[in-house]
Colleague: 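Here it is: the structure, laid out below.
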Amino acid sequence: MGGVVESVVRSRAVVAAAVVAPGLWPAWPLFVSGDPTVAADPGKYLLHHLGFTASVVLVVVLLLSPLRAVLPRWRPLQLAQRHRRFVGVSACAYAALHVVMHFIYEGGFGTFRTDWQKPFILVGLVAFAILLVLAATSVDAAVSALGARRWKWLHRLVYVAAALVCYHQISARKVFPEQVLWIFGPLVVLELVRIARAFGARRAAATRDIS
Amino acid sequence: MHIRIPRDWELPESAATPEAAAHAHRAGRRGFLRALGAGLAGATVGPLVRAATGGFPSAPHADYPAGDLKVTPEELATSYNNFYEFGTGKGDPVVAANRGWKTEPWTVHLAGEINNPGSWDVNDLIARLGGLEQRVYRHRCVEAWSMVIPWDGFPLARLVALAEPKAGAKFLRFVSFNDPSSAPGQREPVLDWPYVEGLRLDEATHELAFIATGMYGKPIPNQNGAPLRLVVPWKYGFKGIKSIVRIEFTSRQPRSSWQQMAPGEYGFYANVNPTVDHPRWSQASERIIGGGFFSGKQPTLMFNGYERQVASLYEGLDLRRNY
């Protein structure tokens with residue numbers, strides 16, 4: 001059983017399929033089931049679906065590090081680490097599709113004239129710009145060019161991007177969207193656990209030094 | 001000399017209402033006169049079928065035909081809904097509002113600064129007010145999408161006349177139902193339930209202000225606000241409170257649910273205005289529901305296209321501050 005799970009987690013094809021599948025999902029309500037709430041405004045549905053998918057994929061890749069801190073010995077989690085770059089770049093790709101869909105939906109780049117005055121759109125665009133920089137520097141050559149230390153600091157900007165995406169999602173709606181809680185909630189909880197542990201470890205180390 | 005200025009929703013003779021429809025309209029007027037007569041004679045209107053189906057078929061109103069407006073497909077207007085009592089997703093109400101929520105029989109209470117307070121069964125009320133007429137109105141949501149809907153109902157002014165407002169009555173306060181056991185959204189603190197809306201008395205008696213008990217020639221579906229809802233086509237859709245149980249005539253301006261929730265974003269007036277944006281998005285244009293992927297956007301009109309009819313209500317009012 002464990003072997004099956006491990007080979008699934010190890011497989012690039014399986015992970016690629018899992019990442020691409022949500023992008024293909026809209027074909028179902030649009031062309032097969034004919035959901036009228038989707039047909040009412042198909043452009044908006046696609047726009048929201050792509051943004052939603054981008055944020056979920058982003059959170060999934062961000063969960064890997066804190067999960068490993070909590071479950072350091074769980075083998076499938078160790079194997080999953082190898083897909084981090086692919087999943088992270090996929091999040092950026094979904095964000096790019098979301099941004100492109102925004103301009104298609106609004107009928108061209110002219111919408112940018114007023115977009116930048118809307119905090120929620122501006123914040124979304126800043127988050128996207130961060131993801132673009134991180135995706136562009138995700139190649140091995142960038143790591144060696146920047147040096148591992150600086151590269152790591154640069155890529156910590158992903159947490160800023162996640163916070164901005166969270167704000168972007170909340171402020172796009174008339175009322176607080178519950179989905180934000182179950183998308184970002186687990187990440188926040190796990191990060192808090194990780195921070196608390198790191199803090200505890202530092203204190204333990206400090207105590208050792210004194211004694 | 002009598003100079004007749006055609007109002008801009010009126011159509012040229014070439015687009016006159018078909019004869020059958022015109023007959024139906026006159027029949028509706030006769031029904032109104034009959035009901036009025038019955039009321040004057042002091043007779044009570046007899047019990048009707050206990051469902052919010054009274055008054056059908058409705059009589060198309062000659063002043064509010066579809067004309068050049070492209071009516072939204074019924075399937076979309078009855079499945080793409082904002083009715084937060086049944087969930088915040090557009091597709092939630094069509095499911096959740098049809099899981100046993102009872103909208104008949106239904107009683108509406110008239111109260112406050114009026115000479116004629118009381119409780120009315122919806123069907124009795126429809127009969128008392130002269131039956132139903134059909135009007136095709138634009139519908140503009142504050143979320144920047146729009147529909148065109150044929151509503152069946154009666155002018156709100158008739159209900160106001162029935163209530164007989166006293167001199168102190170300046171506003172109407174509408175209250176929706178409150179039943180968390182039937183309405184899952186009311187178990188969440190999304191808004192301060194029950195939903196409340198308000199109008200100035202002169203807005204309520206404007207000829208465009210309408211109470212709908214049907215749409216597309218049929219009783220209004222639960223998800224659209226059965227059995228009766230407010231329709232004020234020059235205002236954003238959220239002013240159109242659904243499933244009304246109480247109408248109070250007050251001396252002070254009521255506070256509406258959205259105003260209470262976010263006073264910086266939703267005002268008492270909520271008039272459609274392409275020059276005053278929502279703080280977070282533009283109101284300059286709107287998406288036509290059912291318009292497809294690329295062709296479904298149009299500029300939003302001042303007062304949603306009813307500027308000539310309603311602008312005089314707001315003379316001297318700073319619309320930028322009184323959004």
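Proteins come first, then strands; the chains are lettered A, B, ... in the order of their sequence lines, and each starts at number 1.
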Colleague: Of the non-hydrogen atoms in A:Pro42 and B:Gly292, which two are nearest, and what is the gap between them?
Modeller: CG-C, 4.0 Å
Colleague: Select one option (side chain, backbone, both, neither) describing which atoms of B:Pro73 are under 4.5 Å from chain A's heavy atoms.
Modeller: neither
Colleague: With only heavy atoms counted, which part of B:Met147 is less than 4.5 Å from chain A, the side chain, the backbone, both or neither?
Modeller: neither
Colleague: Rounded to the nearest 0.5 Å, what separates atom NZ in B:Lys90 from atom NE2 in A:His48?
Modeller: 8.5 Å
Colleague: Chain B heavy atoms under 4.5 Å from A:Ser171: which part of the residue, side chain, backbone, both or neither?
Modeller: both
Colleague: For B:Val142, which atoms come within 4.5 Å of any heavy atom of chain A: side chain, backbone, both, or neither?
Modeller: side chain
Colleague: With no hydrogens and no angle check, is any side-chain donor or acceptor of B:Arg280 less than 3.5 Å from a backbone partner on A:Pro119?
Modeller: no
Colleague: Which one, A:Gly107, A:Ala172, A:Ala39, A:Ala40, leads in non-hydrogen pairs under 4.5 Å with chain B?
Modeller: A:Ala40
Colleague: Which bit of A:Leu46 is near chain B, if near means a heavy-atom gap under 4.5 Å: side chain, backbone, both or neither?
Modeller: side chain
Colleague: Quick check: do A:Arg173 and B:Thr88 have side-chain heavy atoms less than 4.5 Å from each other?
Modeller: yes
Colleague: Give a yes or no on this: more than 12 heavy atoms of other residues, nucleotides or ligands lie within 6.0 Å of atom CZ of A:Arg149.
Modeller: no
Colleague: For A:Leu30, is it the side chain, the backbone, both, or neither that has a heavy atom closer than 4.5 Å to a heavy atom of chain B?
Modeller: side chain
Colleague: Atom CG in A:Asp115, atom OG in B:Ser282: separation rounded to 0.5 Å?
Modeller: 9.5 Å
Colleague: Determine whether B:Lys297 and A:Tyr105 make a side-chain contact, defined as any pair of heavy atoms from C-beta on separated by less than 4.5 Å.
Modeller: no
Colleague: Looking at A:Phe103, I want to see if its CZ is surrounded by more than 12 non-hydrogen atoms of other residues, nucleotides or ligands under 6.0 Å.
Modeller: yes
Colleague: Just how far is it from atom NZ of A:Lys174 to atom CH2 of B:Trp258, taken to the nearest 0.5 Å?
Modeller: 4.5 Å
Colleague: Considering only heavy atoms from C-beta outward, does the side chain of B:Glu188 approach that of A:Glu178 to under 4.5 Å?
Modeller: yes
Colleague: What part of B:Asn81 is in contact with chain A, defined as an atom under 4.5 angstrom from a non-hydrogen atom: side chain, backbone, both or neither?
Modeller: neither
Colleague: Between B:Gly91 and A:Thr37, which heavy-atom pair has the shortest distance, and what is it?
Modeller: CA-CG2, 3.5 Å
Colleague: Over all heavy atoms of both residues, which pair between B:Tyr80 and A:Lys44 is shortest? Give the atoms and the distance, please.
Modeller: OH-CD, 4.2 Å
Colleague: Does the distance from a Lys or Arg side-chain N to an Asp or Glu carboxylate O, for B:Asp277 and A:Lys118, drop under 4.0 Å?
Modeller: yes
